[in-house]
Amino acid sequence: MRILVTVKFTPDLQSQRSFTDGTVTRTADDGSMNELDENAVEAALQLVEAAGEGEVYALTVGGADAVAAVRKALQLGANHAIHVNDDAVAGSDVFGTAAVLAAAIRKVHDENPLDLVITGMAALDGLTSMLPTALAAELDWSQLTLASSLEVGDGSATIVRHLPDAHETVTAPLPAVVSVTDELNKPRYPNFKLIMAARKAEVVQWSLADLGVDAATVGAGASRTTVVDASPRPPRADQQIVTDTGEGGNALAAFLIEKGLA
Amino acid sequence: MSTADNPIAVLVELRDGAVARPTLEALTLARSLGTPVAVWLGTEPDADAVAQLGEFGAAEVRVAAIGAEARYPAKAAAAIAAATEDSSLLLVVSTFLNKEIVTRLAVTTGAGVVVDAAGVEFVDGEVEAFQTVFAATWNVRTRIAGKAIVGVRPNTTTASAAEVPGAASIVPISVQLPATRETITAVEPVAPIEGVPLAEAPVVVSGGRGTGGDYALVTELAELLGGAVGASRDATDEGWISHEHMVGQTGTTVTPALYVACGISGAVHHRGGMQASGTIVAINMDPDAPIFEICDFGVVGSLFDVLPQAIEAVKAHRAN
């Protein structure tokens, strides 16, 4: 069982995030791997453990700080880490990002075929959850997205996905791109031995040239969308907090009535 | 296909066979941008649905009668592509499934996509969508070059019927559906949550750890205000209430006119799913709960004291 997990560096959700010149400003010391990607790494580790053989690759794309995401995957137990780091990738939209990830996945796959690519359901800093679909389309592999359960065997994978109107069971031949929800599993904690090993582990660095991707086809220049304005929202004005000393409910009702909400 | 001037396509969202309210909001938004044309996937619409789409301004209802094949994102995308060749802008409701569909569509048409938008307008002939991001702490405006797809969040436009109804002429769309590698082998319908769907409710009353699993008061207030019942991750993890009720970044993102958080501390994942709500009210025992940082009106106290009194006071007000 050979599985590649795509992981994303995201800023610490508790930290301040901001926009500079239309892109997200973040610093290396306040971020790690997107929390929802932990479920993807966990799914991959469990499948390899159940199969009794196999390897897990962690792949990320981004600037120098993004290496923290694949290091976290190594701490959890991934065997190999790949970091696509090229200035020309900056400002890519989801389709550009998918094209770069797909090129890196093909490079791994062509050397020794993969069974699965597993991703988180969304990135907590952007949450568009479009990447898994874009990646499956770009690779022209099976798409099994929003998996709340996942079974792999006999050259195919089967998931159950919870949509608002129905629970769907979907099956498809391998190789497949699977995105997993946080309902699928409980991610493990890194153990001390793996944390120490992850520090020294080699992270393979690839540029767009290594992947045969034309820099003009990705990055801000090729993006179909451009942020033209970004501004912090003003804090809520005229905030009222009361302490209930027997009249809290009446105060609440009065507020709702005054606002025309009750 | 059509002679509509500047056709703005709107993908119709169905709820138990009827047109869902966010679709009527999207049609209202589309009227401010051009001539709305509704795109209908699945089984043939009934006369009531068509009439309602017309009432909200749809000049045409383009029907791709692909039945249950519409559950496959790639097939739905192919049908929409065939139905929207003449349109520079497609509006859909921002749901997980629609995000998959529009991603497939954009891969084939080259369109630019913004999802989870609060609104959209034309600026110098180009589409600009606006969103709130980072748990609603920033406003962002994004320009889409060329063909555009915008996923709009429910409750961001007030639905209103058109002054002059649209003709809602039925236009059958024929489409060659692509083969997919995936096979949907079972579809187990989920019993709809009673009342208004959470994502679309104009009022959401949510209960968290502070309820101790007792949702009677939360439900009573929600019913009184015509809203839906939500919950925090803590509460769904405890098994007090089903996952369908979870408000948060991995559950349902809500943007109601009024959000009432009862016994919810306001963890970052929860705030990310509700912070863009119109008015936020919080009731919590802990004066340091983060939810108080983002609320308009807060009561430090027990929900078991505050809610019954508030419910009675609202009832008394209405009786007058």
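In the text below, chain A, chain B and the rest are named by the order of the sequence lines, each starting its count at 1. Note that these values count all heavy atoms, side chains included, but never hydrogens, waters or copies made by symmetry.
Taking all atoms of both residues into account, the shortest heavy-atom contact from Ala313(B) to Ala253(A) is CB-CB, 3.4 Å.
Contact of Ile257(A) with chain B is made through the side chain alone, with heavy-atom distances under 4.5 Å. Neither the backbone nor the side chain of Asp93(A) comes within less than 4.5 Å of any heavy atom of chain B. Using a 4.5 Å cut-off between heavy atoms, Ala176(A) makes no contact with chain B at all. Using a 4.5 Å cut-off between heavy atoms, Glu138(A) does not touch chain B at all. For a residue to count as touching a neighbouring chain, one of its non-hydrogen atoms must lie under 4.5 Å from one of that chain's; by this rule Val281(B) touches chain A with the side chain only. Contacts of Ala136(A) with chain B are made by both backbone and side-chain atoms, with heavy-atom separations under 4.5 Å.
Ranked by heavy-atom pairs under 4.5 Å with chain B, the first of Ser142(A), Ala98(A), Gly249(A) is Gly249(A). Of the listed residues Ala172(A), Pro173(A), Ala251(A), Ala166(A), the one with more heavy-atom pairs under 4.5 angstrom with chain B than any other is Ala166(A). Residue with the most contacts toward chain B among Val242(A), Val170(A), Leu144(A): Val242(A) (heavy-atom pairs, distance under 4.5 Å). Note: Thr145(A) leads Asp238(A), Thr245(A), Thr145(A), Val94(A) in heavy-atom pairs under 4.5 Å with chain B. Comparing Ile294(B), Ile311(B), Leu307(B), Thr108(B) by how many heavy-atom pairs each has under 4.5 Å with chain A, the most go to Ile294(B). Ranked by heavy-atom pairs under 4.5 Å with chain B, the list Thr181(A), Leu131(A), Ile159(A), Asp140(A) is led by Asp140(A). Between chain B and the options Leu146(A), Thr158(A), Val228(A), heavy-atom pairs under 4.5 Å are most frequent for Val228(A).
The backbone N or O of Ala262(A) sits less than 3.5 Å from a side-chain atom of Arg318(B), completing a donor-acceptor pair. With Gln239(A) contributing its side chain and Cys295(B) its backbone, the two residues share a donor-acceptor pair below 3.5 Å.
Val300(B) places a side-chain heavy atom less than 4.5 Å from the side chain of Ile241(A). For the pair His167(A)/Val190(B), a side-chain contact is recorded, criterion being any heavy-atom separation below 4.5 Å from C-beta on. Side-chain contact between Pro132(A) and Thr103(B) is absent, with no heavy atoms from C-beta onward closer than 4.5 Å. Side-chain contact between Ile283(B) and Leu252(A) is present, with heavy atoms from C-beta onward closer than 4.5 Å. Under the 4.5 Å side-chain criterion, counting only non-hydrogen atoms from C-beta, His162(A) is not in contact with His243(B). You'll find the side chain of Val115(B) reaches within 4.5 Å of the side chain of Met130(A), heavy atoms only. Side-chain contact check for Pro164(A) versus Glu244(B): every heavy-atom pair is 4.5 Å or farther apart.
In this structure, the separation between OG on Ser231(A) and CZ on Arg141(B) is 9.5 Å, given to the nearest 0.5 Å. Here CG of Leu258(B) is found 6.0 Å from CG of Leu256(A). Values are rounded to the nearest 0.5 Å. Atom CG of Leu261(A) and atom OG1 of Thr279(B) lie 5.0 Å apart (nearest 0.5 Å). Taken from CG in Asp244(A) to CG in Leu303(B), the straight-line distance is 11.0 Å, to the nearest 0.5 Å. How far CZ of Arg161(A) is from CZ of Phe96(B): 10.5 Å, rounded to the nearest 0.5 Å. The line from CD of Glu128(B) to OG1 of Thr226(A) is 9.5 Å long, rounded to the nearest 0.5 Å.
Each of Arg181(B), Arg104(B), Glu182(B) was evaluated against Gln143(A); a single residue qualifies, Arg104(B), per the side-chain hydrogen bond (donor to acceptor under 3.5 Å, both in side chains) test.
For Asp296(B) and Lys259(A), the salt-bridge test fails: no basic side-chain N is under 4.0 Å from an acidic carboxylate O. A salt bridge links Asp165(A) to Arg71(B): one of the charged nitrogens lies within less than 4.0 Å of a carboxylate oxygen.
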Report task. Start with the C-alpha gap between Arg233(B) and Asp182(A), add the side-chain angles, then the distance that decides, and say whether side-chain contact (heavy atoms from CB on, under 4.5 Å) holds. Result -> CA-CA 11 Å; Arg233(B) 179 74 193 262; Asp182(A) 55 347; 2.9 Å; yes
**Report entry** Trace of the side-chain contact (heavy atoms from CB on, under 4.5 Å) decision for Thr225(A) with Val113(B)
**Finding:** CA-CA 7 Å; Thr225(A) 52; Val113(B) 186; 5.9 Å; no
